[in-house]
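Here is the structure we will look at.
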Amino acid sequence: MTVAKTTGVWWISILTAIIRKHRKELLNAVNGAFDFLRKNAASAHPKRDRKAEVFQYGVEPNF
């Protein structure tokens, strides 16, 4: 399953925290979303991204 199809997994918790105005819940939801995306959203073109994206400046992904 692509990450785009799993948006409901992490996006709903972020929106819920915003609506409820809970900062701690929002922080946890955003951190959870980053963890999820870090594990599941690998770059489709890592070689190209190293040349063209922010990685061209020496920033390396942590995966």
Side-chain angles (χ1 to χ4, degrees):
M1 184 181 300
T2 64
V3 173
K5 293 179 183 177
T6 63
T7 304
V9 173
W10 49 271
W11 185 243
I12 297 299
S13 60
I14 292 173
L15 292 178
T16 303
I18 291 170
I19 291 168
R20 292 182 182 169
K21 298 180 182 179
H22 292 155
R23 288 184 182 182
K24 181 82 172 171
E25 186 179 332
L26 178 59
L27 182 61
N28 290 337
V30 170
N31 285 332
F34 284 143
D35 289 340
F36 178 84
L37 293 173
R38 188 177 304 114
K39 292 176 189 171
N40 298 299
S43 174
H45 304 284
K47 288 183 181 178
R48 181 201 64 197
D49 293 345
R50 280 184 176 44
K51 293 177 186 173
E53 300 293 327
V54 71
F55 303 125
Q56 70 182 335
Y57 302 110
V59 176
E60 288 295 322
N62 64 353
F63 48 87

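Count residues from 1 along the sequence.
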Name all residues meeting the side chain to side chain donor-acceptor pair (under 3.5 Å) criterion together with N28; count only those two or more places apart in sequence or in a different chain, and write none if there are none.
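Not a single residue meets the side chain to side chain donor-acceptor pair (under 3.5 Å) criterion with N28.
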
In a table with atom names and distances, give each donor-acceptor pair under 3.5 Å that connects a side chain of residues 11-22 to protein atoms at least two apart or in another chain.
from	atom 1	to	atom 2	distance (Å)
S13	OG	W10	O	2.9
T16	OG1	I12	O	2.7
H22	ND1	E25	OE1	2.8

My understanding is that only residues two or more places apart in sequence, or in another chain, count here; which of them pass salt bridge (Lys or Arg N to Asp or Glu O under 4.0 Å) with R23?
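Partners of R23 under the salt bridge (Lys or Arg N to Asp or Glu O under 4.0 Å) test: none.
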
